[in-house]
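Structure, as structure tokens:
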Protein chains: 2
Amino acid sequence: MQYLKIMEAINEQIDAGLLIAGNKLPAERKLAESFNTTRVTLRESLALLEAEGKLYREDRRGWFVSPEPLKYDPTYTTNFPAMAREQGRVARSQLLSAKRVPASRRAASLLQLPPLTEVYRIDRLRFLDERPVVVVTNFILPQHFPDLLDHDVTNSLTTTYREQYGVIYSKTRYRVSTTSLLGETAQALRATSGSPAMFVERLNYDQHNNLIDCDLEYWRHDAICIESLATLT
Amino acid sequence: MQYLKIMEAINEQIDAGLLIAGNKLPAERKLAESFNTTRVTLRESLALLEAEGKLYREDRRGWFVSPEPLKYDPTYTTNFPAMAREQGRVARSQLLSAKRVPASRRAASLLQLPPLTEVYRIDRLRFLDERPVVVVTNFILPQHFPDLLDHDVTNSLTTTYREQYGVIYSKTRYRVSTTSLLGETAQALRATSGSPAMFVERLNYDQHNNLIDCDLEYWRHDAICIESLATLT
DNA sequence: CAGTGGTCTAGACCACAGC
DNA sequence: CTGTGGTCTAGACCACTGA
């Protein structure tokens with residue numbers, strides 16, 4: 001079990017501070033040579049470290065040491081930039097697309113709509129310290145937000161909801177599971193197809209208990225740590 | 001990108017019901033031959049499906065189709081057997097060890113104890129429909145539970161707390177992240193070293209807001225889906 | 001354009017599972 | 001004991017990144 005030894009060796013170098021968060025590792029061929037093994041075996045070790053969240057990969061660019069994960073509290077209404085700022089991180093959002101579309105099957109089922117009902121769909125890519133960490137898709141019920149797309153939808157939707165429409169999130173139903181990144185989502189995150197990911201799904205309700213929108217979030221799994229405090233029922 | 005095509009092909013067979021939850025896939029060499037490729041490439045596809053939670057692996061036993069994940073609500077006090085029963089599943093627990101030990105560094109830090117303070121440590125393996133799905137380690141503050149180990153600690157700790165000591169969970173602080181299974185934990189779950197996993201950490205408080213114990217849970221990641229409803233603050 | 005990572009081949013040996 | 005999965009080797013080609 002050579003690949004476990006290699007994994008431990010790299011792990012130690014990270015813990016010892018020889019490999020610094022955000023830095024790129026040497027080329028695979030060089031690492032393989034220095035551990036006296038082949039690329040296949042070395043890549044097995046690297047994949048393991050990726051699964052543990054110690055390393056991440058940028059497609060065709062190489063392997064990097066993971067920074068601290070962002071602590072993400074799904075019961076907290078503050079938006080992504082605020083959450084990042086509170087933890088001393090720099091956030092940035094990029095709008096991928098914003099349009100009215102017939103609800104996809106998944107969206108219709110989540111929002112309890114008849115198939116093909118029109119909804120807003122907003123796709124955004126979010127960066128943490130200039131690293132792309134999550135692709136967020138929002139499906140929004142248009143009846144609560146006439147002309148939503150005339151406002152800023154790149155940054156905090158919660159702010160636009162509140163300031164333009166007087167709508168305040170009050171309740172959320174969330175679901176967290178693991179999956180892997182594929183296709184456009186992987187590309188947007190500069191990830192290789194098949195990279196491990198954390199999938200967060202949210203249904204959000206306003207102050208009158210109306211279902212308002214849903215979020216589908218694909219996170220680079222090393223970039224996030226779900227954390228919350230709950231009163232038990 | 002052959003491995004993506006193979007992945008999709010197997011995926012379709014699962015969705016079409018040709019491969020049934022819990023069933024074993026054909027041998028890797030046979031699959032590789034039938035997809036006209038080598039084992040290495042085939043295993044790449046299988047690993048991807050494992051990352052997505054569609055398949056799981058039992059060490060040296062082969063690849064199996066994943067059953068529906070258990071919905072796990074960290075804000076719900078019902079114990080594991082009850083949670084499983086409510087979802088029509090059969091739960092079983094196996095005690096791996098129960099003893100008084102000096103707190104590990106991690107445990108001491110979580111429970112805010114000076115290093116090496118004595119605590120109870122209980123390790124359990126839990127099965128869902130006879131499949132081992134999670135290894136749970138509890139570190140318990142002994143001052144609240146004199147002679148705890150004389151009682152049943154294999155099944156529901158919450159029940160023992162309540163019935164023997166009048167202690168009721170009232171608040172929990174939880175954290176969810178992804179990692180990979182290694183060493184004894186992997187073995188107990190019949191998993192290969194490096195299998196992807198969901199890691200849940202909980203700090204539990206009683207009705208007087210005293211910190212009572214903490215949980216460290218390593219889940220086979222395809223066996224669980226975190227799900228909760230939260231009032232926003 | 002050089003070097004790198006992504007992908008793939010065609011083998012091999014071993015230890016273990018399960019008969 | 002047989003077959004299987006776990007691990008590893010020693011290459012190869014291509015498309016892309018980044019200088």
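If A:R61 and B:L25 are placed on DNA chain D by their nearest nucleotide, the residue sitting closer to the 5' end is B:L25. Nearest-nucleotide positions on DNA chain D for A:R60 and B:P26 put B:P26 closer to the 5' end.
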Can you give each donor-acceptor pair under 3.5 Å made by side-chain atoms of residues 12-25 of chain B, sequence neighbours left out, with the distance rounded to 0.1 Å?
none

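Partners of B:R39 according to the salt bridge (charged side-chain N to carboxylate O under 4.0 Å, His left out) rule, which considers only residues two or more places apart in sequence or in another chain, are B:E28. Applying the side-chain hydrogen bond (donor to acceptor under 3.5 Å, both in side chains) criterion to A:E118, with sequence neighbours excluded, gives A:R100. Take B:R61 and apply the side-chain hydrogen bond (donor to acceptor under 3.5 Å, both in side chains) test, not counting sequence neighbours, and it matches B:E58.
Contacts of residues 27-38 of chain A with DNA chain D (heavy atom under 4.0 Å): A:R29, A:T37, A:T38.
Note: B:W219 and B:Y72 have perpendicular aromatic rings, judged against thresholds of 30 and 60 degrees for the angle between ring planes.
Mapping heavy-atom proximity under 4.0 Å, the span of DNA chain C touched by chain A runs 5' to 3' from C:dT4 to C:dT7.
Formation of a donor-acceptor pair under 3.5 Å by the A:S66 side chain with backbone atoms of A:G53 is found in this model.
Side chains of A:D213 and A:Y120: a donor-acceptor N/O pair is absent below 3.5 angstrom, by distance only.
Backbone-only contact: B:R57 has heavy atoms under 4.0 Å from sugar-phosphate atoms and none from a base.
Stacking of A:R43 on the aromatic ring of A:Y3 is not recorded, the 6.0 Å distance cut-off and the 45° axial limit not both being met.
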